[in-house]
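Each chain gets a letter, A, B and so on, in the order the sequences are listed, and its residues count up from 1.
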Number of protein chains: 2
Amino acid sequence: MFSLDQLTAFVAVAEELHFGRAAERLNMTQPPLSRQVQKLERAVGVQLFERDNRRVVLTEAGQAFLGEARRLLALVETAGDLARRVDQGAAGTLRLGFTAVSAIRTLGPFLRRVSDELPEVDVILHERVTSAQIDGLLHGELDLALARPPYDPHLLDSQVVAREPLCAALPADHPLTALDRPLTAADFAAEEVISYDPVRAAYFHELTIRFLAGSQHRITQRVQQVLTVVLLVAAGRGVALVPESARDLGVPGVTFREIALAGEPVELHAIWHRDSANPVLRRVRAMLSEHQ
Amino acid sequence: MFSLDQLTAFVAVAEELHFGRAAERLNMTQPPLSRQVQKLERAVGVQLFERDNRRVVLTEAGQAFLGEARRLLALVETAGDLARRVDQGAAGTLRLGFTAVSAIRTLGPFLRRVSDELPEVDVILHERVTSAQIDGLLHGELDLALARPPYDPHLLDSQVVAREPLCAALPADHPLTALDRPLTAADFAAEEVISYDPVRAAYFHELTIRFLAGSQHRITQRVQQVLTVVLLVAAGRGVALVPESARDLGVPGVTFREIALAGEPVELHAIWHRDSANPVLRRVRAMLSEHQ
DNA sequence: AGAACATGATTCCCGAAAGGTATCACTCGA
DNA sequence: TCGAGTGATACCTTTCGGGAATCATGTTCT
């Protein structure tokens, strides 16, 4: 097999049609250049130059080979580019988990920023509930998740990407919608409250429990997804606490009301595996912490 | 810049994910293989493998580079093929000169044989009168000519590719068409004979002169092309001697008659420059002498 | 816990290959 | 016929790649 040095030697001679000048261009002397070309000819099995003591001409085969050689060398030049871009996280794929509700206000702008700042990065989207996203991160099926606590902080790391208040979701014809002040836990005393799965939707479960702590209430349903909760409210099955962005789901028959603030707002986290090897993740994290 | 050996080393390790086995596959020992991969990583500027003392894994960048490396090596494998085919005349271009009349019976089958036996050869056709073809051969504008003598045998070489009888071309209403025997020179005694340019169509000029030698006749026109001759006959401007294939020109108003054989038949030659460097020419010549 | 094993990296040595200098062989032009 | 120009060759030096031995480290089995 021939070597790349032999190819560059050949191309130089083919362009100069003069061994001396070609050698000068390659910063070497003429004899080793002649030998390299001879070796290449032996390796390919074809005479590439017709060399008279007076002039050098490409043979037909040499002309054909010149094209191949140039293509090959061009490919060599650019061979490392993609690898370097991938190494710096500027190219590659990001497997991103998200929940239906997180998507409403956060996913779109996030994807737009990625495609602006890292145009060679492909984002593969996986819609999953939070717990399934955490599993995905731990099993290496996802690189980044837009989800909510809790998660194992030894293995996973995170950053808050959005905060929003919790609010009450009421059927449109519910008496509480008439009140002109933030609702309190006491207002829910007589209500049937739709709440969340303590395991699969632990975050909203906690928030709901905390808000209602000490008041009378009945919890009738425990579901996983905010969307489901809103749909149940619309169906008149009770009232619920949801993140404010649930307004944007546009489910008819549901009215949202401010509540008397019960501690910190709802947080959406970007979560990743502490020792993910994906370089794109580094870049995306840097992008996230950059502004905000 | 990296070397092809480094690429093959990298691909082997990437496929085995084990330096020892990869080294075995490459018929070498493990230490130099490790070094080659390290060098490649330095040359590309990217870490290609994540190597634990227990296992070897491709990095994201390594996976990207693996694709490039495979493409490059595949190209190297096939780089010489085209050059070798060109060298053996199995690929390339043949610039072929021909005359309108030679084309009728000879050119079609010839082109068909070339595209059957040398499918990678492109034939570029140049229709020229014989003398222009000879010039083309001498100036290196043509590789092969389908033409007729004379030519300079020091510089050009040839081979007969077709023989056919000379015959008489008469206006359809001419009295001689009534005769039921081969025509002789004497039959032309009273005729106006259309003949050929002594310089540019020397071959037919010679044949005509030789046939008519010693008889009475009047030569009224001297033209270069057989086709022109036949058109003049059709126009009633006289009679002429033409190769039999001129029948196939399909010019109306012309009748062809056998003549009393005056020596050898009309020959069509394939002519080439003695020191043409085009390898396709070698193959085509071999093809021509192969069967006939 | 400790020993044996597995595996990639490192070190040192040797031989092959590449580059440099001097020279040869040949052609062309004066 | 001689000198200039050009590619090939001979020979030497340097560089580079491969091999054997060894190291460092992590895993596994007793």
Would you mind telling me which of [options] lies closest to the side-chain atoms of [X]?
X	options	result
A:Arg54	D:dC11, D:dG5, C:dA9	D:dG5
A:Arg35	D:dG17, D:dG7, C:dG19	C:dG19
B:Asn53	D:dC16, D:dG7, D:dT25	D:dT25
B:Met28	C:dG8, D:dA8, D:dG19	D:dG19
B:Gln6	C:dA9, D:dG17, D:dG18	D:dG17

- Item | Under 4.0 angstrom between B:Thr29 side-chain N/O and D:dG18 OP1 or OP2 | no
Atom [atom1] of [X] to atom [atom2] of [N]: distance rounded to whole Å?
X	N	atom1	atom2	answer
A:Leu33	C:dG20	CG	C1'	13 Å
A:Phe49	D:dG7	CZ	C1'	12 Å
B:Asp52	C:dA6	CG	P	17 Å
B:Arg51	D:dG26	CZ	C1'	17 Å
A:Leu4	D:dC16	CG	C1'	16 Å
B:Met1	D:dC16	CE	C1'	15 Å
A:Glu24	D:dG5	CD	C1'	15 Å
B:Arg21	C:dA6	CZ	P	12 Å

- Query: Which residue lies toward the 5' end of DNA chain C, B:Phe19 or A:Pro32, if each is placed at its nearest nucleotide?
  - Reply: B:Phe19
- Message: Is there a side-chain contact between B:Leu73 and B:Glu77 in this structure, where contact means two heavy atoms from C-beta onward sitting under 4.5 Å apart?
- Response: no
- Query: Are the side chain of B:Arg148 and the backbone of B:Phe204 linked by a donor-acceptor contact shorter than 3.5 Å?
  - Reply: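 It does not hold such a pair.
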- Item | Value rounded to 0.5 Å, distance of NE2 in A:His205 from CG in A:Asp197 |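 Going from NE2 on A:His205 over to CG on A:Asp197, the span is 8.5 Å.
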- Task: Evaluate the criterion side chain to side chain donor-acceptor pair (under 3.5 Å) for residue pair A:Thr130 and A:Tyr203; output intermediate values, then yes/no.
- Result: CA-CA 9 Å; A:Thr130 291; A:Tyr203 186 67; over 6 Å; no
Contact class for [X] vs. all strands (heavy atom < 4.0 Å): base, sugar-phosphate, or nothing?
X	answer
A:Gln36	sugar-phosphate
B:Arg55	nothing
B:Gln30	base

- Item | Geometric class of the A:Phe19/A:Phe49 ring pair [parallel <30°, tilted 30-60°, perpendicular >60°] | perpendicular
